[in-house]
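I have placed the structure first, in the form of structure tokens, so that the comments after it can refer back to it.
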Amino acid sequence: ETGVTQTPRHLVMGMTNKKSLKCEQHLGHNAMYWYKQSAKKPLELMFVYNFKEQTENNSVPSRFSPECPNSSHLFLHLHTLQPEDSALYLCASSPPGASGDTDTQYFGPGTRLTVL
Amino acid sequence: RKEVEQDPGPFNVPEGATVAFNCTYSNSASQSFFWYRQDCRKEPKLLMSVYSSGNEDGRFTAQLNRASQYISLLIRDSKLSDSATYLCVVNNDYKLSFGAGTTVTVRA
């Protein structure tokens with residue numbers, strides 16, 4: 001059973017809508033991540049947060065806005081998206097410690113987003 | 001050149017067969033390597049780490065060849081439940097780079 005939860009699991013939105021994706025981890029980890037997975041493509045890292053501070057923004061368009069109020073919660077706010085943004089959005093977390101620990105990431109089940 | 005490249009497959013094998021596939025990576029300074037498994041419409045899950053000396057976990061064997069910059073995964077005595085997409089993952093400065101995955105289908 002995953003220690004990382006995501007809501008909603010499915011989302012359909014129009015290009016003018018504003019919505020938010022939520023991720024919560026119950027593992028005591030300090031790092032959280034947003035990834036985008038499109039069909040037949042590798043996971044693309046979008047954002048990284050360590051101890052609530054954003055440490056990575058992988059050239060993501062401003063229509064995606066992350067928020068990390070604490071080490072257990074991560075949001076992805078969406079506005080004026082495009083149809084090509086339709087994808088599976090995965091949240092992950094990883095534990096603190098030596099390099100061997102931070103390598104392992106635990107994924108949530110994802111939000112399947114469709115932009116009409 | 002992509003950071004991590006995998007043969008997408010699919011590899012269709014009968015139960016009990018052995019299947020093996022590779023993954024190449026572009027950054028010679030990559031620190032660590034993993035195989036993740038992703039079932040259809042599910043999230044990726046860590047299958048195993050890949051160590052320089054090679055390592056086994058039950059029916060799964062992973063190898064790393066730093067000189068040629070590839071890692072491999074071998075599955076012995078395939079089970080129906082092994083059907084999945086296997087993602088090659090490389091750690092570069094604590095950022096994970098994922099391959100697009102190799103799909104394996106085990107048939108009865």
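Below, chain A is the first sequence line, B the second, and so on; all start at residue 1.
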Open item on the list: Between A/D85 and A/R63 (salt bridge meaning N to carboxylate O under 4.0 Å), is one present in this structure?
Closed with: yes
Open item on the list: I need the residue from B/Q31, B/R41, B/K2 with the largest number of non-hydrogen atom pairs under 4.5 Å to chain A.
Closed with: B/R41
Open item on the list: Is A/L90 close to chain B through its backbone or its side chain, or both, or neither, when contacts mean heavy atoms under 4.5 Å?
Closed with: side chain
Task: Plane angle bin for B/Y36 and A/F107 - parallel if under 30°, tilted between 30 and 60°, otherwise perpendicular - done: perpendicular
Task: Member of B/T102, B/T103, B/N22, B/T24 meeting the side chain to side chain donor-acceptor pair (under 3.5 Å) criterion with B/Q6 - done: B/T102
Open item on the list: I'd like to know if B/E56 and B/R76 make a salt bridge, using a cut-off of under 4.0 Å between side-chain N and carboxylate O.
Closed with: yes
TODO: Against chain B, label A/E56 side chain, backbone, both or neither, depending on which of its atoms sit under 4.5 Å from a heavy atom there.
DONE: side chain
Task: Options B/P8, B/G99, B/S97, ranked by heavy-atom pairs under 4.5 Å with chain A, top entry - done: B/G99
TODO: Please assess B/S83 against B/T105 for the test side-chain hydrogen bond (donor to acceptor under 3.5 Å, both in side chains), listing each intermediate value before the final yes or no.
DONE: CA-CA 5 Å; B/S83 298; B/T105 302; 5.3 Å; no
Open item on the list: If you count heavy-atom pairs within less than 4.5 Å of chain B, which of A/K40, A/Q37, A/E44, A/K41 leads?
Closed with: A/Q37
